[in-house]
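A short write-up of the structure that comes next.
Below, chain A is the first sequence line, B the second, and so on; all start at residue 1. All heavy atoms count here, side chains included; hydrogens, waters and symmetry mates do not. Remember, it's a predicted structure, so these values are computed and weren't measured experimentally.
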Amino acid sequence: MLLRMSSLFLRTLREDPADAEVPSHRLLVRGGYIRRAAPGGYTYLPLGWRVYRNIERVIREEMDAMGAQEVHFPALLPREPYERTNRWTEYGDDIFTLKDRKGVDYLLGPTHEEMFTLLVKDLYSSYKDLPLWLYQIQTKFRDETRPRAGLLRGREFVMKDSYSFDVDDAGLDASYSAHRAAYIKTFDRLGLDYVIVAAMSGAMGGSRSEEFLTPAESGEDTYVRCTNCDYAANTEAVRVPAPASLAYDEVPAAHVEDTPDTPTIETLVALANSRADLRRNDRDWTAADTLKNVVIKVAHPGGKTEVVAIGVPGDREVDVKRLAAQVHPSLVEQFTETDFADNPGLVRGYIGPAALGERKPAGVRYLLDPRVVEGTRWITGANEAGRHVFDLVAGRDFVGDGTIEAAEVREGDPCPNCDSGTLVMARGIEMGHIFQLGRKFAEALDLRVLDENGKQVVVTMGSYGIGVSRAVAAIAESTHDDLGLCWPREVAPADVHLMATGKDDSVFAAAATLADELVARGLDVLYDDRRGVSPGVKFKDAELLGMPTIVVVGKGLVDGVVELRDRRSGDREDVAVDAAVDRITAACRP
RNA sequence: CGGGGUGUAGCGCAGUUUGGCAGCGCGCUGCGUUCGGGACGCAGAGGUCGUGGGUUCAAAUCCCGCCACCCCGACCA
C-alpha cells in the first residue's frame, strides 16, 4: 500500500490544539489522526483509521487463535434483557436510552453480557457444547458525565468483548486462564507496556478479576506494586493485611476526658500532647493512635438507605473509590447536616464506638478497618461534644459488626502478599479487564444446560474486554517522545515514511521508484512526495507522524546513498541506493 | 453533579477593562525566489465574534438566559 502525502487527507498542526491536554490526545490531533466530532466522539482520519484497524486486526487474530468465535450484535438493544438482570436501573444514567415511535424503550449497548447469554441459551442446551468462547468487536455507548482526553474516555468507543461459557468452576478457571494468556500475547504484539493487577469486579459481580493497565501519568486508575514480590493491584482491590492481635493486660481501663474544641484529629492530637495528664510517657501521640469514625449512607438498589459508620486509623482518609467498590452495586452517599439532625445519637466530630453497632440504639452498622485488631488501643470520640475516650481497647471495650477495606492506601504500606515488601503507587490506563462472572447472568436469564447425568445446571460465565479505540490512545501515550508519535511496528499506519527532499526531479524519481519497490515487497509506504515543501517541514512531519522507519532520499543521492532512520532510537545509516530495498525491508521485518 | 477556566478565520491567539471600520501569527490560493531541520517577497481568499434575548444612535465589548469545550473533584468494566 502506497500513501502519497501530496494527496493524503491529512493536515498536521504546527501548534498544540488548545483543548488537548494529555500527550496522546495532543499528538493524535496534531498529527491529523483524529478530529473531535461530538462530545466524547471522534472521527478517525485515514492515518488514525489505519492504526485503529491494525489494533483491531491483532486483537482479532489472537482471539481467533485461542479458539474464540467472532459474532456481531446490534448496538441498539431492547430493554427487557437488561431489566431482567437489573442493569437497566443499576447502570442508571450511564446508559443511553431511547424510545422508538411506538414509545418502546431501547438502549445503546454499554456492554453485552445479557445478549450473549441469551444467544447461547437460544442455541445450546448440553454440556457437550461447552466450553464455548464468543466475542465481538463492537461500538459501545456510555453516557459518561465527563468524557476526557480524546480517545481515552469517550461516550462512544469500540470494545472487544468476549464471554466464556462453562459447565463448572474448573472450566471457568480454564477459560479465564486461556483469555489471560491470549491478552498477554495481544498486548505484547501491540507494543504496549502493561501490568496485570488484581481488580474489583465492579458492576459485573463475580469473583476473580484482573486488569491490564498501561502505566501512564494520564491514566485514571491508581494501582500499587510491591517492591519485593510480583504483587500488583488496583488500589480498590488492595487487601490490607490484618496485624496480629496485641496483648492488653497492661492497658488501663478506658477513661473519658474533657477535650474541648477538638473536632478534628489534628486538634485532638495536639491537645493530648500538650496536656500533662494526657501525655504519653514513652512517645508523643500521633494521628495513628486515634480512631476516626466516619458516617456515610449506603443506598441499596432496592431503594433502601442504610447509615453505616466506618472506623479507620485517624491518620488515614476514607478513600471514596475503595469504599464505593466495597459496597457496589449500592451507592455511597454523604451524611449531611440534615442527617446529623435526624440522628441525635451521632455527635459530629466526637462519634465513638460506644454509640455504634447494629445492636446499639442508633442501629448504625459499624465496620472497622482491618488494622483495628483485638488489643489495639485508641483515642476516639466519647459521643459528647468536647469529650474523647482514651485507652479504648478493641476486643475488650468495643467490637465492630465487621471489617471493611475503605481506608486510603499509601505508598510504603506493607505488601499483603509477602513479608518484606512495601507498596509503591502508580497510575495507569485500563486496557483490558478479565473476570469470572460466575452464574449471575446465567441465573438471571436462566441459561442452563443438561450435564452428563441429565441434570439441569446453571452455566458459569467469564467476561473479558479490551478497549480497542482506547488502545489507539494508550499506545500513543506509552510510546511517544518529545518529537511526536512513535508507533510500534505492528500498529503503525505504514512501515516506512519515505521522504524526498530538495527540488531535483532525479530525487523524486528515485524516491518514487524506491517507494514502488518497497510496496512490491509488501511494505506499506507513506511517501512524502510534496513538491515545494521545505525539508524542515518534512522532517518535522515525519517525526510527528511516527512511522517506525524513516527513509530520506535527498542530497545523498549524488553519492548514491539514501538515509535510513529508526524513529524510536534515532539511529541513522547511509545505504547504497541499489541495496536500499533489501536493507529497508530487513529493517521493517526484524 | 460541585469548583475553576475558556469560546473571535482551518489552528494558535490579541482585541472585551473604558461600546465606535474585526486584527496578528501559522495554515490556505496565485506569481517569483529558496530547497537536509517548521524559508522569503509581493498579491489574495477566508469570520452569523458559541447561541438566544436585552440595553444603546451604535455591541466581540455592557446586562440576562442557554450551549459547548478544557482542568480539578464526584462518578465510571
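B/rC26 atom P lies 18 Å from atom CG of A/Asp16, rounded to whole Å. To the nearest angstrom, P of B/rC26 lies 17 Å from NZ of A/Lys540. The interatomic distance linking A/Arg26 (CZ) with B/rG12 (C1') rounds to 14 Å, in whole Å. Atoms CD (A/Glu317) and P (B/rA74) sit 12 Å apart, rounded to a whole Å. Atom-to-atom, CD of A/Glu217 to P of B/rC71 comes out at 15 Å; the value is rounded to the nearest Å. Between A/Leu10 atom CG and B/rC11 atom C1' there is a gap of 14 Å when expressed in whole angstrom units. In this structure, A/Ile296 places its CD1 atom 15 Å from C1' of B/rA74, rounding to the nearest Å. In this entry the distance linking CZ of A/Arg11 with P of B/rC28 reads 6 Å, nearest Å.
Taking the six-membered ring where tryptophan is involved, the planes of A/Phe96 and A/Phe141 are perpendicular, since the angle between them exceeds 60° and thus also 30°. Between A/Tyr52 and A/Trp49, the ring-plane angle classifies as parallel under the 30° and 60° cut-offs. The aromatic rings of A/Trp133 and A/His179 stand perpendicular to each other, their planes meeting at an angle above 60°, with 30° marking the opposite boundary. Ring geometry for A/Tyr464 versus A/Tyr183: interplanar angle over 60°, hence perpendicular rather than tilted (30 to 60°).
At the heavy-atom level, A/Gly556 lies under 4.0 Å from base atoms of the strands shown. Using a 4.0 Å heavy-atom criterion, one finds that A/Arg572 contacts the bases of the nucleic acid, with or without backbone contacts as well. In this structure, A/Glu543 reaches the bases: a heavy-atom distance under 4.0 Å links it to at least one base atom across the strands shown. If you check every strand for non-hydrogen atoms under 4.0 Å, A/Glu563 touches a base. A/Asp504 comes within contact range of no nucleotide atom at all, as no heavy-atom separation falls under 4.0 Å.
Using a cut-off of 4.0 Å between Lys/Arg side-chain N and Asp/Glu carboxylate O, A/Arg322 and A/Glu408 are scored as not salt-bridged.
Comparing the P positions of B/rU8 and B/rC13 gives an interatomic distance of 9 Å, to the nearest angstrom. Comparing B/rG54 with B/rA22, their C1' atoms are spaced 23 Å from each other, to the whole Å.
Contact annotation: side chain of A/Glu15 to base of B/rG38, donor-acceptor pair absent below 3.5 Å. On a pure distance criterion of 3.5 Å, no polar donor-acceptor pair joins the side chain of A/Arg530 and the base of B/rG38. Contact annotation: side chain of A/Arg153 to base of B/rC76, donor-acceptor pair present below 3.5 Å.
Listed pair A/Arg14 / B/rC11 fails the phosphate criterion, with no side-chain N or O lying under 4.0 Å from OP1 or OP2. Contact check, A/Arg36 against B/rC69: a side-chain N or O comes under 4.0 Å of OP1 or OP2.
Taking the nucleotide of RNA chain B with the nearest heavy atom to each of A/Lys555 and A/Val22, the more 5' of the two is matched to A/Lys555.
Without hydrogens or angle criteria, A/Arg427 side chain to A/Gly219 main chain gives a donor-acceptor distance under 3.5 Å.
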